[in-house]
A.B. asks: 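Pasting a structure below so you can have a look.
Keep in mind the model is a prediction, meaning the values are calculated, not measured. Residue numbering restarts at 1 for every chain, and letters A, B, ... go by the order of the sequence lines.
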2 protein chains.
Amino acid sequence: MESINTCNCEGCELKSLFFENVTTSEIESICTRKTEHEYSKGDIIIQEGEAIQDFIYLKTGLVKLYRSGNNGKEQIICFALPLDFVSLLSIFSEQKYNYSVAALEDSVTCNIRMEEVKSIASQNGKFTLSLIEKVNKATDRIILDFLEVKQKRLYGRIAYILLYFSKKIYNSKSFDLPVSRKEIAEYIGMTVENVIRSLSDLRKDGIIKIFGPNIEIVDEDRLLRISELS
Amino acid sequence: MESINTCNCEGCELKSLFFENVTTSEIESICTRKTEHEYSKGDIIIQEGEAIQDFIYLKTGLVKLYRSGNNGKEQIICFALPLDFVSLLSIFSEQKYNYSVAALEDSVTCNIRMEEVKSIASQNGKFTLSLIEKVNKATDRIILDFLEVKQKRLYGRIAYILLYFSKKIYNSKSFDLPVSRKEIAEYIGMTVENVIRSLSDLRKDGIIKIFGPNIEIVDEDRLLRISELS
DNA sequence: ATCAGGTGATGATAATTATCATAGAGAAGA
DNA sequence: TCTTCTCTATGATAATTATCATCACCTGAT
């Protein structure tokens, strides 16, 4: 991880989104004290169990939230793009992170000391209210996605995650999978072998094409039907 | 549902928990305008799709949060006791509820208009901050429980939910199940038949006793091991 | 009182998923 | 270079779970 501080808040398109109800002087205070961090693909941004010190949000990149289950296996909680909070869960309710965050692509975060955020929050109700809305939207999304995946079976889950990457992350029918088969398995809660098998089957049926990490969705309608019919 | 308004806030033990950072005049304003509602076991408190108008919390009773999946089947999101918010998800981020709430036991809710809460929140950062903490804690709990259940298999899930009711809800090794076998199935994401079979097996193995709705945990250690070893 | 419908229960069987084994390709390290 | 490790891939088999059928019991409705 590399720590830099060259970001100018004036040009930051995220500023207005996150801090719409903050006064100019409060923003100035944030901007001078915030730190920015660069991560390479694969780097760990947050380690489960660490003390929560910063309020972190993703400026650019793609990350995964995950935690290690009882049996040593990892479980992926969700994927997050910029404008989703990285510091979603536990941020206001816990002392320590109960999940980890790692970069799936080169990423940049903007960090603000929690005390700073809490100090502004305690003085500025409108800010806190807009914060609560955004945090809630993100956790709602996680829960609804969990329920969505839960009601599907193997093939439906595979179809669902392919459509998720295609539509929500890359907005294209052809994309490089940012995760390994193993990570897909950790997200949908199935074994690697079955993930690989399902992808192979989808390829054999002419629904997708696979070139190494690249996936091309050939027959989106059928993929959609598989996703919906479990 | 019956609407009453006889609750006196002075004696309300929940007041200080939820509204610790609220001024006396703000509390008075809340107390005069809040409404209280009584529900019988089985009553629906919130219907999925309804407009969110009130901030609702549970005074007494036990409820379930659930939503209807694509295939018509219902999925139970979580169970909630007093001091857990009922209006957890979507409350600050959505216009309409994306889940339903029903009473598993006779329950009483205290309702406050959302505008009232938002109005206090926008003027009182400390209040909003303590609110965000509580809402986050509850949604965190849901997500962690989801992950916990997800990594277990049928027997582990059954053991887990029995221990959950025993320890978290009733604090006793003997209790009446507040939910049907079907509802357990809807929570753990398995079929009713398999839930019933698992309970029968646990009974045959002498780990629990079943008298109609009553469950008695005989061998808690073994149940714990089953829960942990999936 | 009787009927319909929901719930709990159990068995037989089918479908789904996990586990184990094996193998090639590529990456990282000695 | 050679070894080791991880990832992708596939097959065979075992374990797990779902589906279907049947039945008893209870409750509410007509």
A.B. asks: Could you give the CG-to-P distance, from B/Leu229 to D/dT16, as a whole number of Å?
C.D. replies: 13 Å
A.B. asks: Looking at A/Lys182 and A/Glu186, is there a salt bridge between them, counting it only when a charged N and a carboxylate O are closer than 4.0 Å?
C.D. replies: yes
A.B. asks: Which of parallel (below 30°), tilted (30 to 60°) and perpendicular (above 60°) describes A/Tyr170 and A/Phe175?
C.D. replies: parallel
A.B. asks: If you assign B/Lys182 and A/Lys152 each to the DNA chain C nucleotide with the nearest heavy atom, which residue ends up on the more 5' nucleotide?
C.D. replies: B/Lys182
A.B. asks: Let me know the distance between CD1 of A/Ile196 and C1' of D/dA9, rounded to the nearest Å.
C.D. replies: 6 Å
A.B. asks: D/dT8 C1' sits how many Å from A/Asp201 CG, rounded?
C.D. replies: 15 Å
A.B. asks: Please write out each protein N/O paired with an N/O of nucleotides 18-21 of chain D under 3.5 Å, distance rounded to 0.1 Å.
C.D. replies:
from: D/dA18; atom 1: OP2; to: B/Thr191; atom 2: N; distance (Å): 3.3
from: D/dA18; atom 1: OP2; to: B/Thr191; atom 2: OG1; distance (Å): 3.2
from: D/dA18; atom 1: OP2; to: B/Asn194; atom 2: ND2; distance (Å): 2.7
from: D/dA18; atom 1: N7; to: B/Asn194; atom 2: ND2; distance (Å): 3.4
from: D/dT19; atom 1: O4; to: B/Arg197; atom 2: NH2; distance (Å): 3.1
from: D/dC20; atom 1: N4; to: B/Glu193; atom 2: OE2; distance (Å): 3.2

A.B. asks: So, are A/Asp201 and A/Arg197 salt-bridged, with charged N and O less than 4.0 Å apart?
C.D. replies: no
A.B. asks: What I'd like to find out is whether the side chain of B/Leu81 reaches to under 4.5 Å of the side chain of B/Leu62, using heavy atoms alone.
C.D. replies: yes
A.B. asks: Mind calculating the distance between NZ (A/Lys41) and P (C/dA27) to the nearest angstrom?
C.D. replies: 13 Å
A.B. asks: Can you tell me how far the NZ atom of A/Lys168 sits from the CG atom of A/Leu163, to the nearest 0.5 Å?
C.D. replies: 9.5 Å
A.B. asks: For A/Arg157 and D/dT17, what is the distance between atoms CZ and C1' respectively, to the nearest whole Å?
C.D. replies: 12 Å
A.B. asks: Rounded to whole angstrom units, what separation is found between the CD atom of A/Glu183 and the C1' atom of D/dC7?
C.D. replies: 11 Å
A.B. asks: With sequence neighbours excluded, what pairs up with B/Lys167 under the salt bridge (Lys or Arg N to Asp or Glu O under 4.0 Å) test?
C.D. replies: B/Glu220
A.B. asks: Looking at B/Arg141 and B/Glu148, is there a salt bridge between them, counting it only when a charged N and a carboxylate O are closer than 4.0 Å?
C.D. replies: no
A.B. asks: Go through residues 202-224 of chain B and report each residue with a non-hydrogen atom lying under 4.0 Å from DNA chain C, sorted by number.
C.D. replies: B/Arg203
A.B. asks: Report yes or no: is the cationic atom of A/Lys73 (NZ for Lys, CZ for Arg) closer than 6.0 Å to the six-membered ring centre of A/Tyr66, at no more than 45° off its axis?
C.D. replies: no
A.B. asks: Students often mix this up, so state it plainly: with edges at 30° and 60°, are the rings of B/Tyr97 and B/Tyr99 parallel, tilted or perpendicular?
C.D. replies: perpendicular
A.B. asks: Rounded to whole Å, please give me the gap between CD1 in A/Ile184 and C1' in D/dA9.
C.D. replies: 14 Å
A.B. asks: From the options D/dT10, C/dT10, C/dG8, select the nucleotide whose nearest atom is closest to the side chain of A/Ser200.
C.D. replies: D/dT10
